Amino acid sequence: MSNSIFSSAALLLFCPLLGMVGAAAQAAPASDDAPKLEHFDLSRVDKALDPCQDFYQYACSKWNAANPIPADQVAWGTGSGLQFWNENILRQALEKAAAETGNRTDYEQEIGDYWAACMDEAGIETAGTRDLKAGLERIDQMTNKSQLADQVAHVHRTVPGAWQSDDNQTRSALLGFGQQQDFDDASRVVASVDQGGLGLPNRDFYIKDDARSKEIRSQYETHISKMLALSGESASQAAGDAKNILAIETAMAQAQMDNIRRRDPKNLNNKMSFEQVQALTPSLDWKAYIQVVGAPSSSPHYIVTSPQFFRGLESLIQQHSVDDWKVYLRWHLVHGSAPYLSKAFVDENWSFYSHTLLGAKQQLPRWRRCVRAADRDLGMALGQAYVAAAFPPENKQRTVSMVHDIEHALDDDITKVDWMQPSTKEQAKVKLHAIEDKIGYPDHWRDYSSVKITRQSYLDNVHQATGFEFHRQLAKIGKPVDREEWTMTPPTINAYYDPQLNTINFPAGILQPPFFDSNMEDAVNYGAIGMVIGHEITHGFDDQGRKFDAQGNLRDWWTEADAKAYDQRGQCIADEYTEEIPEAGVKQNGHLTQGEDTADNGGLRLAMMAVTNKLRAAGKSVDAKDADGWTPRQKFFVSYANSWCQQYRPELMRTIVLTNPHSIPKYRVNNVVSNMPEFQEAFSCKKGAPMVRANQCRVW
Ligand SMILES: [Zn+2]
């Protein structure tokens, strides 16, 4: 499962659902207009509003009003222009590689031919379901349920994401299989067996009983039936099959561990021998599965994240006929292949996953879908062109120095807090000083030379790349962990903390305006990218991260009293964020977002401490007005809020609140500043104002 359980520790900025809907849900500009980066600008502030009433509105209402969501987008914010800007750089590299035919390097051949095949819409249309046939025929040949494991293995080997459970445990067909660092010994890699099998965003979508949830399920059933009809079934057959598939997936959803319990790694750390895994699901031939996917025949042990799910799966396999399982596999094959097939498949897939679930009004232009697919499939080759074009060494140096300042601020914070005993403080500092900072891009680039890419078939290229990546992951089982690896490509606008490696990672893609701006003063940069850096560092000490030690082992290094004090502080955050979100029409569960909210609060405070120290060292005060009439501290907070100005379609917002561990931007801004006396001083907010919480929460 690689980092999937903990990818929730990443700061997903723009399209937190990208993993779920693949290249279909987007966040970036509508047309092919020249890309434009946003820069911090104080004239955006609406001075007619009171910052102490609603700081997000104060900082963002003017920008939001002037920048409505484009038709092909489901979200739009100050960072969206950067997404377009990054994609344009990648497009240029891809077009150049595709145009040159002689004298290309191996990697230029691969990215160039991948691009050419993806952009060849006429060729894809002519091919129709040609490249899907072999997979469908293989499923048709299934005559006995004992072949189910072999069949699932073939789907996992070819369909993007089919083997991999994401945060919501949905993308994989039947189950998730992969590798992960051992929870108890982070230096080694073991096999991981995860729950999965769904086509909707998470288990709640199958279980909730409100009118909107029922309506979505009915639309989902119709969508499945349309996709099966496109793949060759008669309309009446497809309708019956869709009903069956929804019933199977609903039973799987009911057997799944919910996403609140999954946040505690102790609940996932179920070590089993191969024999025990086999005994859990006697109807699934695990030996055959492992052989077909090409995993090492043994693992030190297997981590089964949710034994309950596999007990449920066993009874499901027994209950349903071989024909039911054929239909289920057919659906997952067609579903996972749809974005790479002809227009009818692409349109129907977009219509449900982007339009119905997220509210998109129009599809992205083809070139942008191809850029994103190339970034996913060959991103560590393509990323080299991005770094060369967009990430000069001086940007790396300045980021590294900010990271050090902010780590220093957390060290100070740990020294000063009154609720931790010296022994726990000492351990916390050992962990803090062991964090490895990865900035921009990896030191070693991935070798894709074994991936066969041609101009003949886009779907085949995607299958090839999927097989390569799956195999690359599985080959790690039984080996020492590779600490150098990056799980995000360089152009990615995101960042992450990995608790089992104890590393923070900032791809070059986010080290750009409006987050990092080499022409801006420190107060502005610390408010934007500084908060992102502080957020990732804080993840090492949020309610999940604190359970891992400096080496990444799941080990309790807290005294009982300190753990209790921590949990009380964490509960304050969880209570604050458990609230109705009227814009989304649903209530947020603060226990789902607790880790991210803790990281937001800690991140902004650490960035504030770091910039205060920096300005003081230069003989400046954070509270003295500059020539522009603003104090550095005010600019720091405005810059923070500005980097989060972002509007969502209501469908997307509902899906985020129900499934995503991050709060939505308005709350990321207002809930955080209302906990900070520094904010209230900076804007002279009075007690009782909405941005001055009576019961202020603070973990870090
Ligand atoms: Zn995060």
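Because the structure is a prediction, the values reported are computed rather than measured. As the structure lists them, so they are numbered: ligands from 1, and atoms in each ligand from 1.
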For this session: Quick one: report the N, O or S atom of His539 that is nearest to the Zn ion (ligand 1).
Result: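 Checking each N, O and S atom of His539, the shortest distance to the Zn ion (ligand 1) belongs to NE2.
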
Problem set entry | Residue His535 atom name (nearest to the Zn ion (ligand 1); N/O/S) |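 Of all N, O or S atoms belonging to His535, NE2 is the one nearest the Zn ion (ligand 1).
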
Exercise. Does a donor on one side chain and an acceptor on the other come within less than 3.5 Å for Asn675 and Arg698?
Worked result: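 Result is no, nothing qualifies.
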
For this session: Consider only side-chain N and O atoms of Tyr497 and Thr503, and report whether a donor and an acceptor are under 3.5 Å apart.
Result: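 Looking only at side-chain atoms, Thr503 and Tyr497 do not form any donor-acceptor pair under 3.5 Å.
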
For this session: Using the six-membered ring of Phe541, assess whether NZ or CZ of Lys431 lies under 6.0 Å from its centre and within 45 degrees of the ring axis.
Result: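 Yes, Lys431 and Phe541 form such a contact.
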
Exercise. Is the distance from the Zn ion (ligand 1) to some N, O or S atom of His662 under 2.8 Å?
Worked result: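 His662 does not place any N, O or S atom closer than 2.8 Å to the Zn ion (ligand 1).
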
For this session: In sequence, state the C-alpha distance, the side-chain angles, and the governing distance for Glu521 and Lys635, and then conclude on salt bridge (Lys or Arg N to Asp or Glu O under 4.0 Å).
Result: CA-CA 10 Å; Glu521 61 188 287; Lys635 286 184 274 190; 3.1 Å; yes

